[in-house]
There are 2 protein chains.
Amino acid sequence: MVNFMNILKEKNLKATPQRISVLKELHKNEHPTIDGLYEAIKKDYPSISLATVYKNVHTLKENGIIIEVNMPNGKMRYDIFTKPHIHIVCKNCNSVEDMDYDKQLCDYQKNLEAKGNIEIDRLDVIATVERCKHCSQ
Amino acid sequence: MVNFMNILKEKNLKATPQRISVLKELHKNEHPTIDGLYEAIKKDYPSISLATVYKNVHTLKENGIIIEVNMPNGKMRYDIFTKPHIHIVCKNCNSVEDMDYDKQLCDYQKNLEAKGNIEIDRLDVIATVERCKHCSQ
DNA sequence: CTATTTGCAAACCCTTTGCAAAAAT
DNA sequence: ATTTTTGCAAAGGGTTTGCAAATAG
């Protein structure tokens with residue numbers, strides 16, 4: 001069980017039930033859209049407003065607690081950030097899966113930095129597949 | 001000089017002056033936003049409408065003549081597609097630069113496919129930098 | 001007690017759509 | 001002559017904002 005209270009306290013964010021719900025939902029259901037979050041949270045917390053979900057997602061993102069994943073179609077999804085990873089997106093069922101940011105990718109990043117004479121702040125990698133295991137059943 | 005007429009004819013698209021303007025602008029100024037395209041084209045073609053720019057960009061994208069680049073901030077930019085490449089985005093000045101999709105990345109993709117038991121349709125790589133050569137002047 | 005957060009409604013993008021007129025082939 | 005494309009204005013969808021009331025610390 002993750003201690004959301006501590007995560008929020010560390011960043012001096014108030015632990016409102018709405019905010020905890022957002023974190024819980026992000027922990028349970030990975031990569032939801034804003035609307036997916038909203039709909040899911042409403043089941044436990046019917047009075048929550050969409051604006052509150054937006055505001056919380058914004059605050060959590062600003063504080064590095066969650067990350068925004070920009071899907072190839074331009075829709076945003078959200079993800080509790082634990083460690084660097086890349087995303088596999090399925091065109092057919094729209095599911096998103098994480099894969100580790102491995103040594104090979106790390107080496108690639110280093111070479112890219114050398115080749116382009118740049119310092120990369122962040123490397124987003126999104127692999128799109130036509131179908132995935134989730135949608136072939 | 002690129003022959004836009006032939007590119008369009010190959011895809012059975014009509015060569016209207018508006019469409020040619022969109023292609024010309026994408027060829028000259030790389031990675032514009034829709035609005036950037038619109039503003040630039042208006043100088044030569046003041047009567048063009050924003051809807052026409054949207055429609056043309058959509059059509060050109062559908063026909064594989066241009067690609068949509070999904071910026072980390074969620075804004076879309078457009079790019080005449082010639083060969084596979086990745087994007088370097090500057091956080092500071094918002095410029096976008098291309099770099100080749102090289103052998104190392106190709107190998108990475110192959111291993112990722114093996115590791116995840118997937119067939120990747122497309123791999124989007126966006127490196128974000130804090131500042132770039134364009135904005136340090 | 002103070003600062004933050006919530007919820008509502010309005011405002012604000014940006015993008016798409018329907019349709020009649022214009023233009024391309 | 002036929003089909004596509006344009007331009008306009010309206011509609012649509014998602015996100016942000018202002019503000020007073022509620023809540024957390």
Side-chain angles (χ1 to χ4, degrees), chain A residues 3-25 31-63 65-78 94, chain B residues 3-25 31-42 44-63 65-66 68-78 94:
Chain A
N3 192 330
F4 298 124
M5 295 302 213
N6 286 352
I7 294 175
L8 295 175
K9 196 170 283 174
E10 269 173 32
K11 302 284 184 177
N12 289 311
L13 297 174
K14 295 193 169 173
T16 64
Q18 292 91 333
R19 185 164 284 161
I20 300 286
S21 296
V22 170
L23 283 170
K24 270 192 189 153
E25 189 55 36
H31 310 105
T33 57
I34 288 278
D35 211 62
L37 265 178
Y38 175 55
E39 292 301 331
I41 295 168
K42 266 205 297 194
K43 284 172 194 152
D44 283 333
Y45 204 105
S47 66
I48 198 168
S49 77
L50 183 54
T52 296
V53 178
Y54 272 106
K55 285 170 184 168
N56 273 309
V57 162
H58 181 257
T59 305
L60 295 170
K61 187 177 62 173
E62 292 287 282
N63 284 275
I65 298 171
I66 68 175
I67 57 170
E68 201 170 42
V69 185
N70 202 345
M71 307 282 283
N73 63 6
K75 304 267 164 73
M76 291 290 192
R77 287 174 174 263
Y78 298 88
N94 278 307
Chain B
N3 192 331
F4 298 124
M5 296 301 214
N6 285 352
I7 295 175
L8 296 175
K9 196 169 284 174
E10 268 174 31
K11 303 283 182 176
N12 288 310
L13 296 173
K14 294 192 172 173
T16 65
Q18 293 92 330
R19 185 164 284 162
I20 300 285
S21 296
V22 169
L23 283 170
K24 270 193 187 152
E25 189 54 36
H31 311 104
T33 57
I34 288 276
D35 211 61
L37 265 178
Y38 175 55
E39 292 302 330
I41 294 167
K42 266 204 299 196
D44 283 333
Y45 204 104
S47 65
I48 198 168
S49 77
L50 183 54
T52 297
V53 178
Y54 273 105
K55 284 170 185 168
N56 273 310
V57 162
H58 181 258
T59 305
L60 294 170
K61 187 177 62 173
E62 292 286 284
N63 283 275
I65 298 170
I66 68 175
E68 200 171 41
V69 184
N70 202 345
M71 306 282 283
N73 65 5
K75 304 268 164 71
M76 291 291 192
R77 286 173 175 266
Y78 298 87
N94 279 307

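Chain naming here is simple, since letters A, B, ... match the order of the sequence lines and numbering starts at 1 in each. Keep in mind that what you see is a predicted model, and the values were worked out from it rather than measured.
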(request) Might you confirm whether atom CE of B:Met76 has over 12 heavy atoms from other residues, nucleotides or ligands at distances under 6.0 Å? (result) yes

(message) Need two values: the first and the last nucleotide of DNA chain D, 5' to 3', having an atom under 4.0 Å from any heavy-atom of chain A.
(response) D:dG14 to D:dG25

(request) Grab the two heavy atoms, one from A:Val22 and one from A:Asn56, that are nearest each other, plus how far apart they are. (result) CG2-CB, 4.2 Å

(request) Tell me what A:Asn56 touches on the nucleic acid: a base, only sugar-phosphate, or nothing, going by heavy atoms under 4.0 Å. (result) sugar-phosphate

(request) Kindly indicate whether the side chain of A:Leu8, heavy atoms from C-beta on, has any atom under 4.5 Å from the side chain of A:Leu23. (result) yes

(message) In whole Å, I'd like the distance from the OH atom of B:Tyr45 to the C1' atom of C:dA22.
(response) 10 Å

Would you tabulate the nitrogen or oxygen pairs shorter than 3.5 Å linking the protein to nucleotides 1-3 of chain C?
residue: C:dA3; atom: N3; partner: A:Lys14; partner atom: NZ; Å: 3.2

Under 3.5 Å, sequence neighbours excluded: what are the donor-acceptor pairs made by side chains of residues 39-51 of chain A?
residue: A:Tyr45; atom: OH; partner: A:Gln18; partner atom: NE2; Å: 3.3
residue: A:Ser49; atom: OG; partner: A:Thr52; partner atom: N; Å: 3.2
residue: A:Ser49; atom: OG; partner: A:Thr52; partner atom: OG1; Å: 3.0

(message) So B:Leu13 and B:Ile65, do their side chains get closer than 4.5 Å, heavy atoms only?
(response) yes

(request) Kindly indicate whether the side chain of A:Ile34, heavy atoms from C-beta on, has any atom under 4.5 Å from the side chain of A:Arg77. (result) no

(message) Without decimals, in angstroms, what is the distance between B:Arg19 CZ and C:dT25 P?
(response) 10 Å

(message) Whole angstroms only, please: what is the NZ-C1' distance between A:Lys9 and C:dT4?
(response) 16 Å

(message) Taking only side-chain N and O atoms of A:Thr16, does any of them lie within less than 4.0 angstrom of OP1 or OP2 on C:dT6?
(response) yes

(message) Quick one, B:Asn70 and A:Asn73 - any side-chain contact, counting heavy atoms below 4.5 Å?
(response) no

(message) Using side-chain heavy atoms (C-beta onward) and a distance below 4.5 Å, is A:Tyr78 in contact with A:Glu68?
(response) yes

(message) So for atom NZ, which belongs to B:Lys24, do other residues, nucleotides or ligands contribute more than 12 heavy atoms lying within a distance under 6.0 Å?
(response) no

(request) Send over the distance from B:His58 NE2 to C:dT16 P, rounded to a whole Å. (result) 7 Å

(message) Heavy-atom nearest nucleotide on DNA chain C for A:Ile48 versus B:Tyr54: which residue maps closer to 5'?
(response) A:Ile48

(message) Using whole Å, what does the distance between atom P of nucleotide C:dC13 and atom CE of A:Met76 come to?
(response) 18 Å

(request) To the nearest Å, give me how far apart NZ (A:Lys75) and P (C:dT15) are. (result) 13 Å

(request) Would you indicate what B:Thr59 reaches in the nucleic acid, counting non-hydrogen atoms under 4.0 angstrom: base, sugar-phosphate, or nothing? (result) nothing

(request) Using the closest heavy atom to pick a nucleotide of DNA chain D for each, name whichever of B:Ala51 or B:Leu13 lands nearer the 5' end. (result) B:Leu13

